[in-house]
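Numbered from 1 within each chain, the chains take letters A, B, ... in sequence-line order.
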There are 2 protein chains.
Amino acid sequence: MKQIRELLMLLLLASCSKLTASTTVWMPMWQQKYIEEKADSYCLSWRLGVETNNIRAWRTVPTHCLRYVENYMMRGQYERDVELIIDHVMDYVNDDVVLSNDGLDAWILDVDDTCLSNLFYYQGKRFGVDPYDPKGFHEWASKGVCPAIPAVLRLYNKLIESGFRVFLVTGRSESTLGQATLYNLHNQGFLGYERLTLREDQYEGMSSIVYKSEIRKKLVGEGYRIWGNVGDQWSDLQGEYIGNRTFKLPNPMYFVP
Amino acid sequence: MKQIRELLMLLLLASCSKLTASTTVWMPMWQQKYIEEKADSYCLSWRLGVETNNIRAWRTVPTHCLRYVENYMMRGQYERDVELIIDHVMDYVNDDVVLSNDGLDAWILDVDDTCLSNLFYYQGKRFGVDPYDPKGFHEWASKGVCPAIPAVLRLYNKLIESGFRVFLVTGRSESTLGQATLYNLHNQGFLGYERLTLREDQYEGMSSIVYKSEIRKKLVGEGYRIWGNVGDQWSDLQGEYIGNRTFKLPNPMYFVP
């Protein structure tokens with residue numbers, strides 16, 4: 001309650017500040033700075049809540065966190081967060097994994113905002129402040145122009161070189177986005193993976209946790225040992241057969257149930 | 001590797017800066033500011049890595065993050081993070097839990113840095129930059145003077161009022177800290193819980209995940225439904241019978257395996 005009250009006050013002050021800008025009513029710098037710092041502090045708490053899976057099933061980024069999420073995604077902190085996590089994945093691969101020569105050492109990677117970045121698309125959706133737009137996203141993904149996330153491509157190449165069988169598992173529809181996704185992964189340098197699994201019609205409408213658990217169950221049934229599993233959504237990393245280690249990449253722009 | 005190189009550079013620059021301070025060799029403000037911002041950015045990534053369970057089994061806070069963690073814990077962001085999470089726990093309790101009248105609706109809370117704060121103690125341990133000191137911690141905990149974490153006490157009272165059976169489960173040793181813990185919880189207003197479970201000798205040396213899973217298994221065996229589980233360590237929230245919802249409170253000062 002206290003926080004809601006504080007936020008309402010903030011929004012009120014923020015709207016005054018807009019008024020100020022257009023009507024040149026004076027507002028002291030310290031007051032503007034105070035408002036910005038308060039919002040940033042709240043949005044940092046919100047982002048931590050999202051990334052730790054304490055805050056779930058959220059539909060959009062809070063409007064007053066637009067500037068914060070934009071800064072986070074565009075000014076380097078997001079990349080640095082991803083780099084540090086991938087450094088720790090590499091340490092795990094180097095120090096804790098014992099590979100066999102039987103071709104059954106498996107690794108799972110999600111596609112959207114794990115291998116391939118949708119940041120350019122979400123820039124046009126106010127970094128997630130706008131609600132999910134299935135048609136718009138489909139158009140974007142159809143183009144096959146998502147750039148690789150550099151740190152993940154670095155991990156990917158390391159995994160392939162080390163002899164892992166890499167499985168890419170995505171909630172994208174096989175029938176409508178299969179070709180574009182294959183093309184996009186190829187043009188970004190994701191070569192030599194074992195299998196790309198897209199969502200078949202039978203899994204349509206299923207939650208990602210259930211669908212991805214099914215896919216992993218089949219892999220384990222085929223004898224694969226899932227050493228690691230990397231995704232930007234907790235639904236990539238929960239459910240059954242999640243793998244020996246899971247790694248959560250940051251994504252404060254959208255939530256997949 | 002890139003990050004390690006950057007960090008080494010930072011440490012070098014930071015040591016120059018110390019030199020600067022003591023010998024009054026001139027260093028421009030923008031350079032000092034640059035160094036501080038770089039360190040803060042790394043430490044923010046590190047904290048995110050820790051809180052998402054991507055970084056595990058760490059022994060101490062990185063030395064160059066001392067100032068960052070101190071600021072985080074002492075200047076309000078930690079409290080705001082906790083408050084926001086507890087607000088979301090309250091939403092879950094209000095909106096998603098359906099209580100029965102059979103006295104079997106259970107909730108689990110950890111004790112250290114969940115109900116009771118050890119912040120004053122860790123202030124003397126450079127916020128976790130110093131290694132774990134079992135003797136020092138035992139002396140501190142024996143005094144029974146840990147203050148309640150206000151947001152968690154607020155949740156606690158709500159749970160008791162709503163009719164939950166609240167179970168406090170802690171890794172503290174029953175034989176040596178039982179009395180002090182009972183006393184401390186009482187003097188901080190944690191009244192009316194169903195059971196306080198401390199670590200009996202038979203669980204000595206067991207990992208927290210295994211020990212706490214055992215305790216929860218017994219509760220489920222007694223017929224309790226574990227609606228929620230709140231702790232500051234991932235080892236409170238993993239393993240078996242973790243509960244319908246888990247909530248991770250922040251703790252960048254130490255890691256319990």
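Using cut-offs of 30° and 60° on the angle between ring planes, the pair A/Tyr92 and A/Phe247 is tilted. Ring geometry for A/Tyr42 versus A/His64: interplanar angle of 30 to 60°, hence tilted.
Side-chain contact between B/Val111 and B/Phe190 is absent, with no heavy-atom pair separated by less than 4.5 Å. By the 4.5 Å heavy-atom criterion applied to side chains, B/Ile209 and B/Gln233 are not counted as neighbours. Between B/Tyr122 and B/Met73 there is no side-chain heavy-atom pair separated by less than 4.5 Å. Side-chain contact between B/Phe120 and B/Gln123 is present, with heavy atoms from C-beta onward closer than 4.5 Å.
At a 4.5 Å heavy-atom cutoff, the contact between B/Trp234 and chain A is made by side-chain atoms alone. Only the backbone of A/Asn53 comes within contact range of chain B, judged by heavy atoms closer than 4.5 Å.
Between A/Asp113 and the choices A/Asp232, A/Val152, A/Val82, the side-chain contact (heavy atoms from CB on, under 4.5 Å) rule is met once, by A/Asp232.
No other option in B/Val89, B/Thr246, B/Leu48, B/Asp91 has as many heavy-atom pairs under 4.5 Å with chain A as B/Leu48. Among B/Glu51, B/Lys248, B/Arg56, B/Arg47, the residue making the largest number of heavy-atom pairs under 4.5 Å with chain A is B/Arg56. Options A/Pro250, A/Ser41, A/Gly76, A/Gly49 differ in how many heavy-atom pairs under 4.5 Å they form with chain B, and the most are formed by A/Ser41.
Ion pairing between A/Asp96 and A/Arg245 fails under the 4.0 Å rule for side-chain N and carboxylate O.
Heavy-atom proximity under 4.5 angstrom to chain A picks out nothing from residues 235-242 of chain B.
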